[in-house]
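The structure under discussion appears below in the form of structure tokens.
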Amino acid sequence: MHPDLSADLCARLREAFETAGYTADGVVDALGPQAHSALGRGEPEPARRASRDAGTLGTLIRLFLLGDEEPEQDVRRALGGVGIDTLVENEVLTKDLRAGLDVRPYEDNWWVIADLDSDVRGGAVPEDHVLGVGHASISLARATKRTPVGTLLDLGTGCGVQALHASTHAERITATDLSERALRLAQGTFRINGLDVETLQGEWFGPVRNRRFDQVVCNPPFVVGPPRVDYVYRDSGLGGDDASALVIRQLPSFLNEGGVGQLLASWVHRKGEDWEERVSGWLPRGGVDAWFVQRDIAEPALYVGTWLKDAGVDPRSAEGRAKASAWLDWFEQNDVQGVGFGYVTLRRTDEMHSQVVCEDLRHAYDDPLGPEAARWLDNVAWLRANPDLLGQRFRVADTVLLEEVSEPGEDGWRKVVARLHRTDGPGWQHEVDEATARLVAGCTGALPLEDLLALLEFAYGEIDAEAALPIVRDLIRHGMLIPA
């Protein structure tokens, strides 16, 4: 049996939450920044103390965010006209008046309904666990472009986080999942937020066969390892990185012309194998612009330990040791030296020459990647429409700096490296030689690139136009040179 979070029940819960001020901003105001930060670190006691004088809001905080048992009269007061028996019947509460589901405020006055995590449960999560708002889902939301679209597919919706964000820019949303429980909780998330989302159950793209969308977002079960399913929210039953490969291979056929797909993905790193060639090989032949951004690489031991703890499994327990051993054996047998993780942006195009770029972006940055993905797609389209760069004028983006690093030498400081650095977005950096630095400095929008190259060659005699063009293309893709 799974909870039935009806429209009526969700509407009454929403009314109770709004009355109590149980919103993202309301929780922060009630707890204060220090207790709220401690709660985010998994330290509940400061939040418990701070919530004592917060009335009905404090009750809801302790009930749903801390997992405390609350007195019946306080629960009834906090939830207003929502019957406790109905909430217990539909797993929102337990019989001893603790949270049965994770119901929490999220961002712009939204609420998300999911299963309790391992910390609140006090043990490992079950196989059909429905993950709540996690680091991966937030990362994907920040990496997704928000240009208005007519139709959007949230493939593998889980508790519905991506569809929530999609409601800010998509007219019609379809959300799918293999798990019936996930769809039940996602429906609750949509109803409590007043959203009309089409929900379909089925494996991978099966529920939307023969349909196309303007945009597809997907947080797939991308965990790399043996072909088994311990937890449906993260394990696909496919071995290695086959789940990521499947989505990347099939997704373009479900896009309208010009449609964009964005997903999180993982890929194995094997000795003697180029990860860029591996992931590029998953794409269909032509018709797809693709941008693979690698954010991290984890060595096998760290990878296994991280995912065991994610599910609430103690790596020191008999269960944890057995799972870790089998997992590490699989890595060793398959020559896996590491697991890459990152974002993939795909665009369906009928143009003859599609663009596939794989890049490392493992340094820290604060800006969300979504606007940069939109910019990358626009820049690729501009480059395709303007193949003759020599006749174009460019200017340097206002946020680009030239950084030079020098070391002491016998005759004073000796320059070791010079790099162009875009200080906004993901902070792209390009090491450049003296000639390239002069070329970029000359891009003020006054002269076509061809004339600028000729002047520099006359002045310095060191400019190779053919060698300069690939560098210019890279700088355009990264938003460092802008068509004037």
Side-chain angles (χ1 to χ4, degrees), residues 274-276 289 291-295 297 342 345 355-367 369 371-484:
D274 188 327
W275 77 271
E276 298 182 14
D289 291 327
W291 188 35
F292 293 86
V293 177
Q294 183 166 252
R295 285 293 287 137
I297 303 174
T345 298
Q355 183 75 55
V356 177
V357 176
C358 301
E359 300 185 284
D360 263 304
L361 190 60
R362 285 186 271 168
H363 61 263
Y365 63 89
D366 294 327
D367 288 359
L369 197 63
E372 191 69 16
R375 181 200 290 252
W376 187 90
L377 292 169
D378 289 344
N379 292 341
V380 166
W382 187 91
L383 283 166
R384 181 182 289 125
N386 297 273
D388 180 17
L389 297 182
L390 293 175
Q392 301 293 330
R393 290 176 170 83
F394 300 97
R395 65 176 180 85
V396 183
D398 295 337
T399 57
V400 172
L401 302 175
L402 176 66
E403 300 175 342
E404 296 181 343
V405 178
S406 300
E407 64 181 9
E410 294 181 359
D411 300 320
W413 292 102
R414 183 176 64 87
K415 185 163 63 179
V416 177
V417 66
R419 65 173 66 93
L420 294 171
H421 180 196
R422 205 183 106 198
T423 56
D424 64 338
W428 295 114
Q429 297 184 29
H430 285 264
E431 290 190 14
V432 293
D433 58 18
E434 196 80 27
T436 303
R438 290 189 179 118
L439 174 63
V440 173
C443 290
T444 62
L447 294 175
L449 186 62
E450 185 175 31
D451 293 349
L452 183 58
L453 286 167
L455 285 174
L456 290 173
E457 186 174 10
F458 177 79
Y460 300 102
E462 56 183 16
I463 299 295
D464 183 345
E466 290 302 316
L469 290 178
I471 298 172
V472 170
R473 289 191 182 93
D474 285 343
L475 295 176
I476 293 170
R477 274 196 297 266
H478 284 165
M480 301 174 84
L481 282 181
I482 300 172

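Only heavy atoms go into these numbers, but all of them, side chains included; no hydrogens, no water, no symmetry mates.
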Legend entry - Where Arg395 and Thr444 come nearest, the two heavy atoms and their spacing: CB-C, 4.2 Å
Inset, instruction - Could you tell me the separation between the CG atom of Leu401 and the CZ atom of Arg419, rounded to the nearest 0.5 Å? - result: 12.0 Å
Legend entry - Qualifying salt bridge (Lys or Arg N to Asp or Glu O under 4.0 Å) pairs, either residue in residues 475-484, two or more places apart: Asp474-Arg477
Inset, instruction - Start with the C-alpha distance between Trp382 and Ile482, add both sets of side-chain angles, then the distance that settles side-chain contact (heavy atoms from CB on, under 4.5 Å), and finish with yes or no. - result: CA-CA 10 Å; Trp382 187 91; Ile482 300 172; over 6 Å; no
Inset, instruction - Considering non-hydrogen atoms only, spot the tightest contact between Leu361 and Tyr365 and give its length. - result: CD2-CE2, 3.7 Å
Inset, instruction - Any salt bridge (Lys or Arg N to Asp or Glu O under 4.0 Å) involving residues 373-383? Give me the pairs, sequence neighbours left out, ordered by first then second residue. - result: Glu372-Arg375
Inset, instruction - Calculate, to the nearest 0.5 Å, the distance between atoms CH2 and CD belonging to Trp275 and Gln294 respectively. - result: 4.5 Å
Inset, instruction - Let me see the working for Val432 and Val440 under side-chain contact (heavy atoms from CB on, under 4.5 Å), right down to the final yes or no. - result: CA-CA 10 Å; Val432 293; Val440 173; 5.8 Å; no
Inset, instruction - Kindly indicate whether the side chain of Thr345, heavy atoms from C-beta on, has any atom under 4.5 Å from the side chain of Asp289. - result: no
Legend entry - Shortest non-hydrogen contact from Pro448 toward Leu390: CB-O, 3.8 Å
Inset, instruction - First locate atom CG of Leu481, then atom CG of Leu420, and finally report the distance between them rounded to the nearest 0.5 Å. - result: 8.0 Å
Legend entry - Validation row: Asp388, Gln392 side chains within 4.5 angstrom (heavy atoms): no
Legend entry - 4.5 Å side-chain heavy-atom contact, Glu404 and Trp413: no
Inset, instruction - Check for a donor-acceptor pair, side chain of His430 on one end and backbone N or O of Arg422 on the other, with a separation under 3.5 Å. - result: no
Inset, instruction - Taking all heavy atoms of Asp274 and all of Glu276, pick out the closest pair and write down the distance. - result: OD1-N, 2.8 Å
Legend entry - Short side-chain to backbone donor-acceptor contact, Arg393 and Ala446, under 3.5 Å: yes
Inset, instruction - Measure from the side-chain N and O atoms of Asp360 to the backbone N and O of Arg362, and report whether any donor-acceptor pair falls under 3.5 Å. - result: no
Legend entry - Ala397 versus Gly479, closest heavy-atom pair with distance: CB-O, 3.4 Å
Legend entry - Distance in Å, Leu453 CG paired with Leu469 CG, rounded so as to fall on 0.5 Å steps: 7.0 Å
Inset, instruction - Kindly determine whether Val396 and Leu475 satisfy side-chain contact (heavy atoms from CB on, under 4.5 Å), including the steps that lead there. - result: CA-CA 9 Å; Val396 183; Leu475 295 176; over 6 Å; no
Inset, instruction - Decide yes or no on side-chain contact (heavy atoms from CB on, under 4.5 Å) for Lys415 and Glu434, but give the supporting numbers first. - result: CA-CA 11 Å; Lys415 185 163 63 179; Glu434 196 80 27; 2.9 Å; yes
Inset, instruction - Please report the closest heavy-atom contact between Leu389 and Val472, naming both atoms and the distance. - result: CD1-CG1, 4.1 Å
Legend entry - Test item: side-chain donor near acceptor, Gln355 and Trp291, under 3.5 Å: no
Legend entry - Point-to-point distance, once rounded to the nearest 0.5 Å, from CG of Asp433 to CZ of Arg438: 9.5 Å
